[in-house]
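Taking it in order: structure first as structure tokens, then the write-up.
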Amino acid sequence: MQQFAVVATHSISQPEPEAGSATAVVQLVDAGGTALIPPMQVYGDQLPAVVAELEATHRPRWVFDSVHAWYPGLVAAGVRIERAHDVGLVRAILRNAPYAVPGEYLSALGREPDPANAAPAHLLPPARVPENQGELFSEPKDRSGALENVLAEFLAQRAAVPDTQRGAKLGLLLAAESAGALIAAEMTHAGVPWDVAEHHRLLHEALGPQVPAGVRPPRMEELAAQLRTLLDAPALNPDSPAELLKAMNRAGIAVSNTRAWELTEIKHPVIEPLLAYKKIARLATANGYAWVDRWVHGGRFRPEYIVGGVVTGRWASHGGGALQIPHQVRSAVRADPGKVLVVADAAQLEPRILAALSRDTALAAAATARDLYQGIADAGFGGDRAHAKVAMLGAMYGATSGESGRLMPQLKATYPQAVGLVEWAAAQGEAGAGVATFLGRGTPQAPEGWLKSRSRASTEAEQRAVEAEGRSRGRFTRNFIVQGTAAEWALCWMGELRRRMNAGRAAGVDTGELVFFLHDEIMLHVPAAQAQAVVDLVHESARSASELLFGKIPVDFPVTAVVVDSYDQAK
DNA sequence: AACTCGATTCAA
DNA sequence: GATATTGAATCGAGTT
């Protein structure tokens, strides 16, 4: 019989014997919500011990209003749990899930504003400060955090998942999302191993000796002086695009912006030092000494992951720019002595996802090639891989013009099912309708009055604007089904991997830690002796995730996994 | 002083 | 006339 352990700050119906001193309450229930043991009042910092005990004896699925609020404290105390249900994350999915059972719960969700449309997550106050064990589990004791309410919403959420094939997929999504929240907390706790000395060395190499904050590093200052001379602008601040643009125009360089990739086209003595300046300026401001001081502690970079933070279901992140660790500094991501990094990524995940989604047998056949784009090239582009790739990316992103747009008919002729699916998704979006991922994560509702404003446009400029907006939403829905389903695949991949690593650990093998995740790429920090075993788990998990999602279909989802000492050695 | 916005560059 | 998706983060420059 499946059991659930609900964790909350307090209980309404079971006032504490010693008022004000209990810091949490835990209730074990069955699938119908019936209590299996009396609710347990937890005092002081005893929650980790209580959770560890129940996990060992009952192995329940843990129900939290927010895993992000509760689990980091448990992980810090050395406690891990196998399964969870994150009421908040599930609420966010059900709000827009087209296959959910309509009813009172969904209606209630529909009546309140979607927080996803509110302020970005990083602007909201942090849910919890995992610094002080004593205060760790003392939330304000409002009704909304009460155990009865968490349990009631949990049961409503279970009831909202229909007992159908679609419901099974939705249930998988909800479980995977919650598992993701556990993984996110564990990864933040583990941290990316970061070699500060190596980072400082490469900064010194590129920028010159370290200077106080606010002072321009020596190599940048030298280049700035060159730029001032070459542009005959003695007061130029090259950090100001506006000033730079004016100075360049004055020097007879006809540009309308100062973007690096456009400057590469221009022949002028100033271009080379300018590009050099931009390159190291970016390094200094985004990942320089200040970045290391602020974000690397105890040899670990610990970004916070925001599960489901992107509409498509991808993760967002906060702190240190974890979604954009530049290749320039990846040599500083270095395994501890005796350990190695296992870096794995899913090769050409999104087009393979499209093949599976659309059941396009021709595209599936191309996907049996190790290099999918070469497979497409050989099938319909005369072996021209570059053309095949831009055409495919264009189909998934919604390119209408340029080379990619011109290649679209050719691609559609070869893969009518696949291209037809993304075109259908785009049409849905343009018509103001929504679409859903394979497991059933739906797009948010188009803004109120969106269609109305389309028909009400009077002037020609207004008309053009609403048409552009419609196409924009079409590109969004077109990409949503692919990016969102790819995110589901990645979530299942990690979930499967975590399960196997936990099993290994339970059997006494140190399988190391997941330390980083980025869309279709994972990094593990593992004892060198276990590297090959972990690589095997990574591959096994990918196969398992593919079957978990799609069943047995003729589409391969190969992953590459390499064992390295530092991140720059991976691909 | 704090906030907002555009420009830019980084990532998958 | 042209337009590809999703993000994070920093800076300068203008605003409140």
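Throughout, a chain's letter reflects where its sequence line sits, starting with A, and its residues are numbered from 1.
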Regarding A:Phe480, tell me which of base, sugar-phosphate or nothing describes its non-hydrogen contacts under 4.0 Å with the strands shown. nothing

Using only heavy-atom distances, determine whether the side chains of A:Glu513 and A:His189 contain a donor-acceptor pair under 3.5 Å. no

Checking all strands, does A:Gly319 fall into the base, sugar-phosphate, or nothing category for heavy-atom contacts under 4.0 angstrom? sugar-phosphate

Which part of the nucleic acid, if any, lies within contact of A:Val311, taking any heavy atom under 4.0 Å across all strands shown: a base, the sugar-phosphate backbone alone, or nothing? sugar-phosphate

Hey, what are the protein-to-nucleotides 14-16 of chain C N/O distances that come in under 3.5 Å?
none

Should we say atom NZ of A:Lys169 is surrounded by more than 12 heavy atoms from elsewhere, each under 6.0 Å from it? yes

I'd like to know whether the aromatic ring centres of A:Trp291 and A:Phe301 sit less than 6.0 Å apart in this structure. yes

Inspect the surroundings of CD in A:Glu272 and state if more than 12 heavy atoms from other residues, nucleotides or ligands are less than 6.0 Å away. no

Strictly distance-based, threshold 3.5 Å: is any side-chain N or O of A:Ser544 a donor or acceptor partner for the main-chain N or O of A:Glu540? no

Under 4.0 angstrom, heavy atoms only, what part of the nucleic acid is A:Arg259 near: base, sugar-phosphate, or nothing? sugar-phosphate

Please tell me whether A:Thr560 and A:Asp345 have a donor and an acceptor in their side chains that are separated by less than 3.5 angstrom. yes

With five pairs defining each end axis, the helix from B:dA1-C:dT16 to B:dA12-C:dT5 comes out bent, to 10°, by 0°

Nearest-nucleotide wise, let me know which of A:Val310 and A:Thr285 is further upstream toward the 5' end of DNA chain C. A:Val310

Whole-Å P distance, B:dA7 and C:dA4: 16 Å

